[in-house]
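This report refers to the structure that appears directly beneath it.
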There are 4 protein chains.
Amino acid sequence: MTGATASRGRIDKRQAILAAAFTVFARRGYAQACVQEIAEVAGVAKPTVYNHLNDKENLFRHAVTAAADAVAAENLAVVERVRNPGDDLRAALEDVARGLLQVCSGQRCRSLRQLTYAQLTVFPDLADAVHERTSVRLTEALADRLARLALAGRLRAGDPTEAAEQFLALLTGPLEHRSGLGAREVSAAETHAVATAAVDTFLRAYRPEPVQH
Amino acid sequence: MTGATASRGRIDKRQAILAAAFTVFARRGYAQACVQEIAEVAGVAKPTVYNHLNDKENLFRHAVTAAADAVAAENLAVVERVRNPGDDLRAALEDVARGLLQVCSGQRCRSLRQLTYAQLTVFPDLADAVHERTSVRLTEALADRLARLALAGRLRAGDPTEAAEQFLALLTGPLEHRSGLGAREVSAAETHAVATAAVDTFLRAYRPEPVQH
Amino acid sequence: MTGATASRGRIDKRQAILAAAFTVFARRGYAQACVQEIAEVAGVAKPTVYNHLNDKENLFRHAVTAAADAVAAENLAVVERVRNPGDDLRAALEDVARGLLQVCSGQRCRSLRQLTYAQLTVFPDLADAVHERTSVRLTEALADRLARLALAGRLRAGDPTEAAEQFLALLTGPLEHRSGLGAREVSAAETHAVATAAVDTFLRAYRPEPVQH
Amino acid sequence: MTGATASRGRIDKRQAILAAAFTVFARRGYAQACVQEIAEVAGVAKPTVYNHLNDKENLFRHAVTAAADAVAAENLAVVERVRNPGDDLRAALEDVARGLLQVCSGQRCRSLRQLTYAQLTVFPDLADAVHERTSVRLTEALADRLARLALAGRLRAGDPTEAAEQFLALLTGPLEHRSGLGAREVSAAETHAVATAAVDTFLRAYRPEPVQH
DNA sequence: GATGAATGAGAATTCATTCAT
DNA sequence: CATGAATGAATTCTCATTCAT
């Protein structure tokens with residue numbers, strides 16, 4: 001029991017450090033963030049941070065990767081909701097669209113984008129990892145759903161990955177535009193409008209071809 | 001004449017410093033970049049950098065703003081090409097699309113995005129300025145062209161700004177996706193494909209409504 | 001006990017830094033002194049200086065204040081010696097005079113004067129603090145003693161603060177004059193002569209009025 | 001004529017630089033003062049300062065020496081006023097006392113003291129020169145007057161230099177005490193009181209011995 | 001394992017001083 | 001002679017990282 005408790009305490013401490021690190025990195029950027037502040041936010045002493053994660057770079061990698069995992073999970077859960085679309089295809093797609101926009105306009109997701117972008121040239125492999133988790137997987141999961149819909153004749157046939165890319169682009173592009181690169185919060189009304197417009201355009205472009213006879 | 005030469009020399013040096021600064025900031029990121037390296041790349045002594053631009057922040061602001069101006073000019077020039085679309089609308093839009101992708105996939109534009117994103121929380125006003133120059137103006141210029149086309153009955157009527165947002169989203173979203181957030185170069189073939197797909201989707205969604213009779 | 005040792009070590013280090021700082025500031029002046037040299041003299045690394053005292057200004061303030069406290073204690077101890085003057089008033093006053101001159105002609109006191117004077121306009125509040133500790137308190141302590149003597153009829157009545165001011169002036173004025181503003185050491189013989197002359201003048205001026213009858 | 005005008009202009013410029021230098025040195029201290037600011041105050045370009053006075057040290061030496069000369073002249077003029085004391089010795093001495101206090105409490109004299117003190121260890125020879133001009137010469141000039149008075153039987157015989165030292169000490173000591181080392185201005189009323197008290201004490205101590213018969 | 005203390009390396013910034021005009 | 005521009009040399013301060021306890 002003691003052992004379990006101790007391990008748990010240790011794990012908790014590690015989690016606290018990673019969470020604090022993400023917060024501070026998001027607040028200051030990689031280089032401007034200092035380990036001191038992270039330790040303070042985590043409520044531990046500086047060397048404890050070094051005991052758990054070897055150096056600043058490692059700390060950054062783990063904090064960012066953890067955030068990317070969380071965002072990935074959220075995104076995939078949203079896409080999963082369209083597995084059984086029901087009769088109203090538009091409604092189902094709008095549900096996904098709103099869900100994704102909610103995730104993308106959240107604090108964590110914006111910070112993640114920012115940090116990853118910022119360190120693109122410094123830690124290119126990390127950028128790859130994040131991109132894989134948040135963008136590639138999401139696109140593929142969505143492509144899977146769209147492929148099913150095409151097969152069922154509810155969408156025009158075509159490259160489902162390309163369709164998924166475009167569906168996501170119609171969401172994130174206007175969102176980014178309206179949030180000023182993610183600096184400003186975007187009102188619920190506005191994300192709603194973006195979602196509606198995206199689905200509308202998508203459905204117009206991907207409605208099944210009229211049957212020839 | 002002497003004065004002109006001297007001034008010219010001074011202006012040249014200032015330009016050299018700003019160019020070097022943008023290069024080094026792009027290579028290392030804001031905080032990791034050191035003024036020393038910028039001075040070396042510019043071929044001047046460190047204090048000369050401080051004589052021309054008062055401190056590191058100022059240097060960053062000017063370097064980024066100058067790059068944003070250049071990108072803005074390039075983008076607007078591309079959009080201008082669609083002012084007289086000719087008979088083949090699809091060809092005209094594909095021309096714009098390819099032109100914009102060429103700009104956006106260029107080194108400078110990617111660095112600019114990266115730097116701006118990275119310092120979003122630190123220099124929010126700078127992010128605003130860049131966003132205004134590169135995104136807002138571009139969207140509006142494109143919206144102007146699309147509005148004319150709608151008026152001429154060659155596109156479905158609707159909010160032209162929204163249409164422009166979506167047109168641009170269909171370009172930059174997939175581009176970003178395929179370049180891994182902008183880390184990798186994207187082949188000409190791929191940008192070509194993205195442009196074609198974007199225009200195709202856009203035209204399907206925005207073709208004029210069939211006339212009722 | 002371990003804790004005690006550690007604390008003691010820390011306190012020792014802080015003392016060493018303050019002592020080194022005073023030495024180096026005295027040697028070079030505030031602005032010319034560099035923290036590097038202070039650290040070397042203290043036998044620690046530069047950042048250790050910053051860990052203990054936050055910046056150069058703080059370091060200066062603490063070093064000077066500590067010196068002022070030490071000088072104040074010495075001066076007050078000397079004045080205390082005249083609490084029970086005995087029969088020979090002249091001897092008692094000469095004792096005080098010599099004691100004070102010894103303190104004032106000492107290295108620390110001269111450096112303190114110099115540093116305080118030098119930074120009068122830059123750190124006026126520090127100058128106030130030093131003046132209060134070294135000059136005001138001393139004058140008042142001496143005034144207390146002189147008041148008692150006047151009450152006992154051994155000195156002419158009058159404003160004791162003014163008398164104390166003048167007593168001290170008769171010591172420090174000529175001392176400063178002979179030491180060339182404190183640059184040169186003054187020989188014991190000369191301080192002796194100054195003390196004797198000061199007491200002589202003081203007693204002539206403050207001898208009790210001849211009793212009227 | 002051109003030559004004369006030119007020389008005059010050159011001399012004026014040099015004076016302006018020295019005056020500006022004294023002002024700025026007084027405001028900031030030697031090391032904190034920067035040549036740039038001095039040039040601005042003097043209304044010339046930085047290299048012009050270097051053309052006239054070779055380097056910062058030289059600039060400081062000349063500026064301080066010039067100020068010392070001016071102060072010396074003022075002091076000596078005041079002492080000269082007691083050459084023909086008239087019947088009322090007390091009045092004559094009070095006149096000198098007030099005159100000297102007025103000089104010593106002036107801005108220039110305080111700045112001069114400050115700067116000289118500050119650089120005592122860095123430029124000891126400069127301190128000597130200032131001390132000689134402002135303190136030694138003054139003491140000797142006053143000693144001359146006091147010697148004449150003693151010879152005339154209006155003061156007790158004794159070492160006139162010592163008497164002069166004490167007379168000056170009774171003025172400057174209390175003045176310094178009340179001005180907080182020269183930081184604060186001293187009201188006219190207070191300098192008046194200091195002068196009166198000094199002369200009173202001086203006359204009590206130096207009145208002629210009652211004649212034996 | 002956690003921490004208070006210490007430090008080596010490095011970065012921004014300033015400034016006296018010198019060229020070239 | 002006066003000056004705009006450039007620079008070499010310092011200096012303060014910060015921070016990731018490591019010991020010793």
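Computed over heavy atoms, backbone and side chain alike; hydrogens, waters and symmetry mates excluded. A, B, ... follow the sequence lines: proteins, then strands. Residue 1 opens every chain.
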Taking pairing as Watson-Crick or G-U wobble with both contacts under 3.5 Å, can you name the mate of E/dT21, or confirm there isn't one? F/dA2
Rounded to whole Å, CZ of B/R28 lies from C1' of E/dG10 at a distance of 14 Å
Does A/F123 have A/R61 sitting over its ring (NZ/CZ under 6.0 Å from centre, angle to axis within 45°)? yes
Residue pair C/D55/B/T48 against DNA chain F: nearer the 5' end by closest nucleotide is B/T48
Nearest whole Å is fine: how far is F/dT17 P from C/N51 CG? 17 Å
Hey, does B/L59 have a side-chain heavy atom less than 4.5 Å from the side chain of B/Y50? no
What distance do C/Q32 atom CD and D/T121 atom OG1 have between them, rounded to the nearest 0.5 Å? 8.0 Å
Gap between atoms CG and P, on C/N54 and F/dC13 respectively (whole Å): 10 Å
Strictly by Watson-Crick or wobble contacts shorter than 3.5 Å, is anything paired with E/dA9, and which nucleotide is it? F/dT14
Nearest to the D/Y50 side chain among E/dA16, F/dT12, E/dT13, which nucleotide is it? E/dA16
May I ask you to check if D/K56 and D/F25 form a cation-pi contact, with NZ or CZ under 6.0 angstrom from the six-membered ring centre and within 45° of the axis? no
Does A/H52 put a side-chain nitrogen or oxygen below 4.0 Å from OP1 or OP2 of E/dG1? no
Between C/K56 (NZ) and E/dT13 (C1'), how many Å, whole number? 14 Å
Walking DNA chain F from its 5' end, the first of C/A33 and B/G43 to be reached, judged by nearest nucleotide, is B/G43
D/C34 has its side chain closest, among E/dT3, E/dC15, F/dT3, to E/dC15
Of the listed E/dG4, F/dT17, E/dA9, the closest approach to the C/P47 side chain comes from E/dA9
Is a donor-acceptor pair below 3.5 Å formed from side chain D/K46 to base E/dT17, judging by atom type as modelled? yes
Atom CD of A/Q36 and atom P of E/dA6 are separated, to the nearest Å, by 15 Å
B/L59 CG to E/dA11 P: how many Å, rounded? 15 Å
I'd like to know if the side chain of A/R110 and the backbone of A/G182 have a donor-acceptor N/O pair within less than 3.5 Å. yes
Could you please name the option among F/dA16, F/dG8, E/dT18 that lies closest to any side-chain atom of A/V35? F/dA16
Rounded interatomic separation in angstrom, taking OH from B/Y30 and P from E/dA11: 14 Å
Measure from CZ on A/F25 to C1' on F/dA16 and round the result to the nearest Å. 11 Å
Using heavy atoms to find the nearest nucleotide of DNA chain E for D/A31 and A/V44 separately, return the residue whose nucleotide is more 5′. A/V44
